[in-house]
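Note sheet for the following structure.
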Amino acid sequence: MTMITEIKNTQILPREFYIRDDVTLIARDLLGKIILTYIEGVYTGGIITETEAYAGNNDRACHANNGKRTARTEVMYARGGVAYVYLCYGLHSMLNVVTNEEGKADAVLIRAIKPLWGLACIRKRRISQKKENLLCSGPGALAQALGIDKKMNGLPFAGPQIFIAEKWCTGGKSYLAVKPDKVIVSQRIGVAYAGEDALLPWRFIVG
DNA sequence: CTAACGATTCGCT
DNA sequence: GCGAATCGTTAGT
C-alpha cells in the first residue's frame, strides 16, 4: 500500500551525474550514495564507502586503456550510468560504474559498502563470512553480497535490477545519501602491473 | 588452439 | 603472512 509512495519519493541519481569528464570526481561523489540490487523480490544494499577511479585514457590500470576494445571492455564505452561487471581470478565478480559520454571508457570500481538493506539475505549469500564487518568489504565480497554477477553487465543504475540513489524510501522511512566529512585518498589496489599509473591517488574511502 | 594471468578472498600457519 | 581456488579473457602460436 505504501509501495507507490515509496517509489515516488525515491530519488535515483540522474543520468547527468555519470556524464562528467573527471572520473575521479565521480568516484568521490559516489561515496555516501545508496546502492541496491533487486533480485527475486529482495532488495539488498547499503551506503557506498570505498571506490576507485579508472580512466579510459592514459591509465594503464584501466581495462580499456587508450581505446582498447575487446568483447569484455565494450560496455565501458557505453554512455555513463550502466554497470560494467567482470569476473576476476575466475571466482569474483567486480562491479563498476561506467561514466562519461559514449565512446569515453571511464569507470568507477565499487570496492565496499556499509550494508543496510536486506541483511538477512546478504548474510545468506555470504554464508562463509562470519565477521559482520567483512560482509561487504572488498569488491568481490560486495558483489557476492548483493547477488551481482556478469548477468548484470550493462544494466542501468536507474533500476529495476540495480539502483544508485540520493534518497531511498522503504518501510515507511526515507534514507538520504550521506556526504562524508572526511575522505581518505590512496593508491589503487592490485594494479602494480600499471607501472607509474599504479601510483595515482585514485582510491577513495569514507574516513 | 594454447597458455598465462588477473581491479581477490579465505583459511591456515 | 602465504598460498590455493578457479575460469573467462587475452594475446600469441
Side-chain angles (χ1 to χ4, degrees), chain A residues 18 22-31 33 35 37 44 46 48-78 80 82-100 104-115 122-155 157 162 164 183-206:
Chain A
Y18 305 99
D22 186 343
V23 67
T24 67
L25 200 59
I26 300 175
R28 275 177 183 271
D29 285 350
L30 281 170
L31 293 179
K33 295 291 191 284
I35 183 166
T37 57
T44 53
I48 297 173
T49 57
E50 181 179 345
T51 62
E52 280 178 0
Y54 289 84
N57 287 322
N58 305 314
D59 174 14
R60 285 181 54 203
C62 181
H63 291 162
N65 183 225
N66 291 342
K68 180 173 164 186
R69 274 182 190 266
T70 66
R72 183 178 64 159
T73 64
E74 193 56 36
V75 72
M76 295 185 75
Y77 292 86
V82 301
Y84 165 42
V85 183
Y86 72 94
L87 192 64
C88 186
Y89 290 100
L91 31 142
H92 305 293
S93 294
M94 305 280 120
L95 173 66
N96 296 259
V97 177
V98 173
T99 72
N100 216 333
K104 298 188 177 179
D106 297 347
V108 176
L109 173 67
I110 310 296
R111 293 191 56 90
I113 69 169
K114 174 184 168 108
I122 286 175
R123 291 193 191 99
K124 206 163 161 185
R125 290 184 182 133
R126 298 273 298 141
I127 193 66
S128 66
Q129 184 54 263
K130 300 298 176 210
K131 295 176 183 169
E132 195 76 3
N133 60 315
L134 298 181
L135 279 178
C136 299
S137 60
L142 153 67
Q144 184 181 41
L146 300 198
I148 291 163
D149 62 21
K150 245 200 95 179
K151 290 196 293 292
M152 287 196 167
N153 194 41
L155 294 183
F157 287 103
I162 187 162
I164 298 180
V183 175
I184 299 166
V185 182
S186 70
Q187 295 171 188
R188 293 170 293 181
I189 300 296
V191 294
Y193 61 85
E196 289 185 348
D197 295 335
L199 306 178
L200 294 169
W202 284 7
R203 180 188 184 204
F204 306 97
I205 307 169
V206 173

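All of these numbers come straight from a predicted model, not from anything done at the bench. In what follows, chains carry the letters A, B, and so on, assigned in the order in which the sequence lines appear, proteins first and then strands, with residues in each chain numbered from 1.
Listed by chain and residue number, nothing satisfies the salt bridge (charged side-chain N to carboxylate O under 4.0 Å, His left out) test with A/Asp22 (two or more places apart in sequence, or in another chain). A search for salt bridge (charged side-chain N to carboxylate O under 4.0 Å, His left out) contacts involving A/Glu50 returns A/Arg111, A/Arg203, not counting sequence neighbours. Remark: A/Lys130 engages no residue in a side chain to side chain contact (heavy atoms under 4.5 Å, CB included) (not counting sequence neighbours). Residues satisfying the side-chain hydrogen bond (donor to acceptor under 3.5 Å, both in side chains) criterion with A/Thr44, sequence neighbours excluded, are A/Thr37, A/Arg125. With sequence neighbours left out, A/His92 forms a side-chain hydrogen bond (donor to acceptor under 3.5 Å, both in side chains) with no residue at all. Applying the side-chain hydrogen bond (donor to acceptor under 3.5 Å, both in side chains) criterion to A/Tyr84, with sequence neighbours excluded, gives A/His63. Partners of A/Arg28 by side-chain hydrogen bond (donor to acceptor under 3.5 Å, both in side chains), not counting sequence neighbours: none found.
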### Task
Using a 4.0 Å cut-off on protein heavy atoms (strictly under), produce a 5'-to-3' string for nucleotides 7-13 of chain B with B for base contact, S for backbone-only sugar-phosphate contact, and - for none.
BBSSS--
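Straight-line distance between the P atoms of B/dT2 and C/dT6: roughly 23 Å, to the nearest whole Å.
Along DNA chain C, the stretch of nucleotides lying under 4.0 Å from any heavy atom of chain A spans, 5' to 3', C/dA5 to C/dA11.
If you check every strand for non-hydrogen atoms under 4.0 Å, A/Lys130 touches nothing.
Minimum heavy-atom separation, A/Gly56 to A/Asp106: N-OD1, 2.7 Å.
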Would you tabulate the side-chain donor-acceptor contacts of residues 187-199 of chain A under 3.5 Å, counting partners in other chains and residues two or more places apart, or write 'none'?
from	atom 1	to	atom 2	distance (Å)
A/Arg188	NH1	A/Ala53	O	2.9
A/Arg188	NH1	A/Asp59	OD1	3.4
A/Arg188	NH1	A/Asp59	OD2	2.8
A/Arg188	NH2	A/Asp59	OD1	2.9
A/Arg188	NH2	A/Asp197	O	2.9
A/Tyr193	OH	A/Ala61	O	3.1
A/Asp197	OD2	A/Arg60	N	2.7

Which pairs of donor and acceptor atoms, one on a side chain in residues 144-152 of chain A, lie under 3.5 Å apart (sequence neighbours left out)?
from	atom 1	to	atom 2	distance (Å)
A/Gln144	OE1	A/Arg126	NH1	2.7
A/Asp149	OD1	A/Lys151	N	2.9
A/Asp149	OD2	A/Lys151	NZ	2.8

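Annotated stems with DNA chain C as a participant read B:1-6 with C:7-12, B:8-12 with C:1-5, given as range with range, by first number; only runs of 3 or more Watson-Crick or G-U pairs under 3.5 Å qualify.
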